[in-house]
Trainee: 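First, the structure itself, so that you have it in front of you.
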Amino acid sequence: GAPVYRGSLESLTPDRDIVARMLGMSVPAGHHIEISSDIPVSRGLGSSAAAVVAALVAGDLLAGREPHHERIVERGTAIEGHPDNVGPAVLGGLVLAADKPRRLPLHSDLSVALGIPEAGVDTKRARAALPDRVTRDVAVEQARRFAALIHGLATGEEALIGFGMQDQLATPHRKRMIRGYEAAVRAGLAAGAYGVTLSGSGSTVIAVTTRPRAHDIAAVLANALTHEGNPATPLVPDVIESGVAIERR
């Protein structure tokens with residue numbers, strides 16, 4: 001039968017469905033695919049990587065193979081072109097995309113708050129906005145901030161997280177694509193967020209904060225974007241530590 005879509009994928013059609021396209025003719029006769037997702041699409045939140053991982057796991061199960069995390073990461077990375085979103089989709093939690101994706105500690109006091117605009121950002125357009133080369137000063141500064149962010153996420157130190165989230169490579173060129181971005185950053189920091197930046201290529205604005213403040217800061221981000229003419233909704237996602245899982249019924 002035809003695939004069934006729920007959640008953020010309700011309006012999806014089979015021709016635009018990554019899972020259906022990857023599984024192709026491997027779904028046994030008399031069966032159909034049901035896909036449910038809470039991940040907003042085209043918002044810089046890794047929905048395509050999640051779909052790729054789901055398809056790879058389903059493909060292994062249909063072929064009678066037990067899915068293997070490292071193999072799923074390798075295959076998913078080859079399809080996506082990078083491990084940035086595939087790694088967390090498979091492993092869960094905070095993941096470093098190094099020689100291979102590796103789990104890192106995330107301080108238990110931290111939470112993520114999102115302001116998600118109704119309007120998405122085309123990933124190809126977002127990539128095209130980046131310069132082909134950067135200066136040595138920018139490269140050095142980005143390295144400093146990356147190291148600070150990783151340590152800050154592990155220790156929960158506000159100053160390190162705030163310093164580390166001031167991206168020097170992509171955000172300065174992409175932020176102009178997000179109406180109200182600067183206002184959202186100011187509002188989020190004023191409300192107590194440790195740091196605010198773009199999630200992926202956008203259009204979502206993401207803040208790192210403490211758990212008690214997360215819902216208030218998500219609302220502040222969404223309200224700031226909306227007030228600037230970019231209607232948005234708040235979301236506080238859970239940080240799932242278990243990664244990809246198979247439910248057998």
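Given the structure is predicted, the values throughout are model-derived calculations rather than measurements.
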Trainee: Does the side-chain hydrogen bond (donor to acceptor under 3.5 Å, both in side chains) test come out yes or no for N85 and E80, once each step is laid out?
Mentor: CA-CA 9 Å; N85 296 324; E80 279 279 285; 4.7 Å; no

Trainee: Are Q142 and Q166 side-chain neighbours, meaning at least one heavy-atom pair lies under 4.5 Å?
Mentor: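 No - every pair of side-chain heavy atoms lies 4.5 Å or more apart.
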
Trainee: Has S203 got a side-chain atom pairing as donor or acceptor with A119's backbone, closer than 3.5 angstrom?
Mentor: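 Yes; judged by distance alone, with no hydrogens or angles, the pair exists.
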
Trainee: Are any of the side-chain nitrogens in R6 or E10 under 4.0 Å away from the carboxylate oxygens of its partner?
Mentor: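 The answer is no: the pair does not qualify as a salt bridge.
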
Trainee: Kindly give the heavy-atom pair with the smallest separation between I39 and S47, and that separation in Å.
Mentor: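 For I39 and S47, the tightest heavy-atom pair comes out as CG2-CB, 3.7 Å.
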
Trainee: Okay, side chain of R179, backbone of P231: is any donor-acceptor separation there less than 3.5 Å?
Mentor: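 Not confirmed, R179 side chain does not pair with P231 backbone.
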
Trainee: For I18 and S48: C-alpha separation, side-chain torsions, deciding distance, then whether side chain to side chain contact (heavy atoms under 4.5 Å, CB included) applies.
Mentor: CA-CA 7 Å; I18 292 172; S48 65; 3.7 Å; yes

Trainee: Would you mind reporting whether L114 and V236 have side-chain heavy atoms less than 4.5 Å apart?
Mentor: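 No; the side chains remain at least 4.5 Å from each other.
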
Trainee: Does a side-chain heavy-atom distance below 4.5 Å link D99 with R102?
Mentor: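 Contact flag for D99/R102 side chains = yes.
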
Trainee: Evaluate the side-chain hydrogen bond (donor to acceptor under 3.5 Å, both in side chains) criterion for residues T171 and T197: first the C-alpha distance (whole Å), next the side-chain angles of each, then the deciding distance (0.1 Å), finally the verdict.
Mentor: CA-CA 7 Å; T171 302; T197 190; 3.3 Å; yes

Trainee: In terms of hydrophobic clustering (I, L, V, M, F, W, Y; side-chain heavy atoms under 4.5 Å; direct or indirect links), are M177 and V185 co-clustered?
Mentor: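 Yes, M177 and V185 fall within the same hydrophobic cluster.
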
Trainee: Under 4.0 Å between a Lys/Arg side-chain N and an Asp/Glu carboxylate O for D60 and R75?
Mentor: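 Yes, charged N to carboxylate O under 4.0 Å.
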
Trainee: Verify, without hydrogens or angle tests, whether D17 (side chain) and T13 (backbone) share a donor-acceptor contact under 3.5 angstrom.
Mentor: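 No.
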
Trainee: Where do A50 and A89 come nearest, in terms of heavy atoms and distance?
Mentor: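 Where A50 meets A89 most closely, the heavy atoms are CA-CB, 4.4 Å.
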
Trainee: Report whether I79 and V90 are members of the same hydrophobic cluster (ILVMFWY, side-chain heavy atoms less than 4.5 Å apart, transitive linking).
Mentor: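 Per the 4.5 Å side-chain linkage, I79 and V90 are co-clustered.
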
Trainee: Decide, yes or no, whether a salt bridge links K100 with E74 under the criterion of side-chain N to carboxylate O below 4.0 Å.
Mentor: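 No, K100 and E74 are not salt-bridged.
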
Trainee: Just verifying a value: how many Å separate E70 CD and L91 CG, rounded to the nearest 0.5 Å?
Mentor: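 Here the interatomic distance stands at 9.0 Å.
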
Trainee: Any chance you could measure R16, atom CZ, to L9, atom CG, to the nearest 0.5 Å?
Mentor: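 It is 9.0 Å, given to the nearest 0.5 Å.
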
Trainee: Can you tell me how far the CG atom of D109 sits from the CZ atom of R211, to the nearest 0.5 Å?
Mentor: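 The distance works out to 8.0 Å.
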
Trainee: Which pair of non-hydrogen atoms, one from P40 and one from L45, has the smallest distance, and what is that distance?
Mentor: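 So the minimum-distance heavy-atom pair works out to CD-CD1, 3.8 Å.
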
Trainee: Are L160 and L149 close enough, and set up right, to give a side chain to side chain contact (heavy atoms under 4.5 Å, CB included), and what steps lead you there?
Mentor: CA-CA 6 Å; L160 286 178; L149 179 59; over 6 Å; no

Trainee: Taking all non-hydrogen atoms of both residues into account, name the closest pair between G188 and L221 and its distance.
Mentor: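 For G188 and L221, the tightest heavy-atom pair comes out as CA-CD2, 4.0 Å.
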
Trainee: Sub-3.5 Å donor-acceptor pair from the side chain of S199 to the main-chain atoms of V205, do we have one?
Mentor: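 Side chain of S199 to backbone of V205, a donor-acceptor pair under 3.5 Å: no, none is there.
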
Trainee: Between M165 and V208, is there a side-chain heavy-atom distance shorter than 4.5 Å?
Mentor: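 Touching, per the 4.5 Å side-chain cut-off.
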
Trainee: Quick check against the 3.5 Å criterion: does S8 have a side-chain atom that pairs as donor or acceptor with the backbone of S37?
Mentor: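 A pair under 3.5 Å: yes.
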
Trainee: Any side-chain heavy atom of V4 within less than 4.5 Å of one from I35?
Mentor: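 When only atoms from C-beta onward are counted, I35 and V4 do not touch, as no gap falls below 4.5 Å.
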
Trainee: Check whether T204 reaches the backbone of R43 with its side chain - one donor and one acceptor, N or O, closer than 3.5 Å.
Mentor: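 Yes: the side chain of T204 pairs with the backbone of R43.
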
Trainee: Specify the closest pair of heavy atoms between L189 and A193, including all atoms of both residues, with the distance to one decimal.
Mentor: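 Result for this residue pair: CD2-O, 3.6 Å.
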
Trainee: Determine, using the 4.5 Å side-chain heavy-atom cutoff (strictly less than), whether I33 and M22 are members of one ILVMFWY cluster.
Mentor: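 In one cluster with I33: M22, no.
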
Trainee: Please tell me if the side chains of L104 and V95 come closer than 4.5 Å, counting only heavy atoms from C-beta onward.
Mentor: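 No. Closest side-chain heavy atoms not under 4.5 Å.
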
Trainee: I need the L106 CG to L153 CG distance, nearest 0.5 Å.
Mentor: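 Those atoms lie 6.0 Å apart.
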
Trainee: Could you tell me whether the side chain of R174 and the main chain of A129 form a donor-acceptor pair under 3.5 Å?
Mentor: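 No: the side chain of R174 does not pair with the backbone of A129.
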
Trainee: Compute both the distance and the angle, then confirm whether R145 meets the cation-pi test with F163: under 6.0 Å from the six-membered ring centre, within 45 degrees of the axis.
Mentor: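 Judged by the rule, R145 and F163 form a cation-pi pair.
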
Trainee: With heavy-atom distances below 4.5 Å as the criterion, would you say the side chains of V239 and L94 are in contact?
Mentor: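 No, every pair of side-chain atoms sits at 4.5 Å or beyond.
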
Trainee: Is there a side chain to side chain contact (heavy atoms under 4.5 Å, CB included) between Y194 and L110? Walk through the geometry before answering.
Mentor: CA-CA 10 Å; Y194 288 179; L110 298 178; 3.8 Å; yes

Trainee: Going only through I, L, V, M, F, W and Y residues with side-chain contacts under 4.5 Å, is there a path from L62 to I246?
Mentor: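 No, because L62 and I246 fall into different hydrophobic clusters, even though each may have its own neighbours under 4.5 Å.
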
Trainee: Which atoms form the tightest heavy-atom contact between E228 and A183, and what is the distance?
Mentor: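 The pair with the smallest heavy-atom distance is CG-CB, 3.7 Å.
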
Trainee: Roughly how far, to the nearest 0.5 Å, is CG of L169 from CG of L130?
Mentor: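 Between L130 CG and L169 CG, I get 8.5 Å after rounding to 0.5 Å.
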
Trainee: If you round to the nearest 0.5 Å, how far is CG of L225 from CD of E118?
Mentor: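 One gets 11.0 Å once the value is rounded to the nearest 0.5 Å.
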
Trainee: Set out, in order, the CA-CA distance, both residues' side-chain angles and the distance that settles side chain to side chain contact (heavy atoms under 4.5 Å, CB included) for I206 and V196, then state yes or no.
Mentor: CA-CA 6 Å; I206 182 172; V196 185; over 6 Å; no

Trainee: When you compare the side chain of P131 with that of H173, does any pair of heavy atoms fall below 4.5 Å?
Mentor: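 When only atoms from C-beta onward are counted, P131 and H173 do touch, with a gap below 4.5 Å.
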
Trainee: Flag yes if I217 and L235 sit in one hydrophobic cluster, no otherwise; membership is Ile, Leu, Val, Met, Phe, Trp, Tyr, and two members link when side-chain heavy atoms are under 4.5 Å apart.
Mentor: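 No: no chain of side-chain contacts under 4.5 Å links I217 to L235.
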
